[in-house]
Amino acid sequence: MTTGKDEILKCLESVMDPEVPVLSIMDLGIVRDVEISLGHIEVMITPTYSGCPAMKMIQEEIISTLRAKGFNDVAVKTVYSPVWTTDWLSDKARNKLKDYGIAPPLKTGDEEFIPLIINDDNVSCPYCSSDDTVLRSRFGSTACKSLYFCNSCRQPFEYFKRF
């Protein structure tokens, strides 16, 4: 069987993030590269942050997904540099987040060092697009999200923190 990198990347589109199940690991931009050598496949991934509890589950899901497609010799390598940033989320991923009811992260810009933003102003409500929102909690259901409230439509919603 001839295996191409594009075929492997296509398979990885079905590996979903366990914390935000509408996003694939390809949408998140955590798949850095795929190397194929003599039937051995190595998938390089970068965690969204060093303490992300989902990484072990994601690694296991990558291996089981590729094995289910007939690729038996699979390894996953974690790559820490350069660090992942929310700017690596595709526009498609940002739209999926909004459709799921999570405000997508604001862009970090071109700064050399990206500060960990605890509280973002101008977070738009994913339900009504109003900017009349307020931070209610620095943490949502996961550490990478915070909880906001929309004063216009009166809905609470999560915001995917930018970093």
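For S90, there are no side-chain hydrogen bond (donor to acceptor under 3.5 Å, both in side chains) partners two or more places apart in sequence or in a different chain. P105 pairs by the side chain to side chain contact (heavy atoms under 4.5 Å, CB included) definition with T86, L89, R94, L97, Y159, F160, R162, not counting sequence neighbours. In this structure S137 satisfies the side-chain hydrogen bond (donor to acceptor under 3.5 Å, both in side chains) test with no other residue, sequence neighbours excluded. Checked against side chain to side chain contact (heavy atoms under 4.5 Å, CB included), T133 has the following partners two or more places apart in sequence or in another chain: V123, C125, Y148, C150, F157. Partners of S152 under the side-chain hydrogen bond (donor to acceptor under 3.5 Å, both in side chains) rule, at least two apart in sequence or in another chain, are S130. By the side-chain hydrogen bond (donor to acceptor under 3.5 Å, both in side chains) test, D73 is found to be paired with H40, residues two or more places apart in sequence or in another chain being considered.
Donor-acceptor pairing under 3.5 Å is recorded for the side chains of S129 and K98. Using a 3.5 Å distance cut-off with no hydrogens or angles, the side chains of E42 and S37 do not pair a donor with an acceptor.
For the pair V76 and Q59, the tightest heavy-atom approach, listed with the atom from each and the gap, is CG1-CG, 3.7 Å. For I8 against I36, the heavy-atom pair with the smallest separation is CG1-CD1, 4.2 Å. Taking each heavy atom of N122 and L106 in turn, the nearest pair found is O-CD2, 4.1 Å.
Screening residues 48-59 for salt bridge (charged side-chain N to carboxylate O under 4.0 Å, His left out) gives K56-E60 as the qualifying pairs, with residues at least two apart or on separate chains. Sorted by first and then second residue, the salt bridge (charged side-chain N to carboxylate O under 4.0 Å, His left out) pairs involving residues 147-158 (not counting sequence neighbours) are K145-E158. Sorted by first and then second residue, the side-chain hydrogen bond (donor to acceptor under 3.5 Å, both in side chains) pairs with a member in residues 22-35 read K5-D33, S24-D27, D27-K96, R32-T46; sequence neighbours excluded.
Annotation: the span from Y127 atom OH to D99 atom CG amounts to 11.0 Å, rounded to 0.5 Å. A distance of 6.5 Å separates OG in S141 from CD1 in I102, rounded to the nearest 0.5 Å. Between the CE atom of M57 and the CD1 atom of I62 there is a distance of 13.0 Å, given to the nearest 0.5 Å. Interatomic distance, CG of L147 versus CG of L135, reported as 8.0 Å (0.5 Å rounding).
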Side-chain donor-acceptor pairs of residues 9-23 under 3.5 Å, sequence neighbours excluded:
residue	atom	partner	partner atom	Å
S14	OG	C11	O	2.8
D17	OD2	V20	N	2.8

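If you chain together ILVMFWY residues whose side-chain heavy atoms come under 4.5 Å of each other, V79 ends up grouped with M44. Connectivity analysis of hydrophobic side chains (ILVMFWY, heavy atoms under 4.5 Å, direct or indirect) links V134 to F149.
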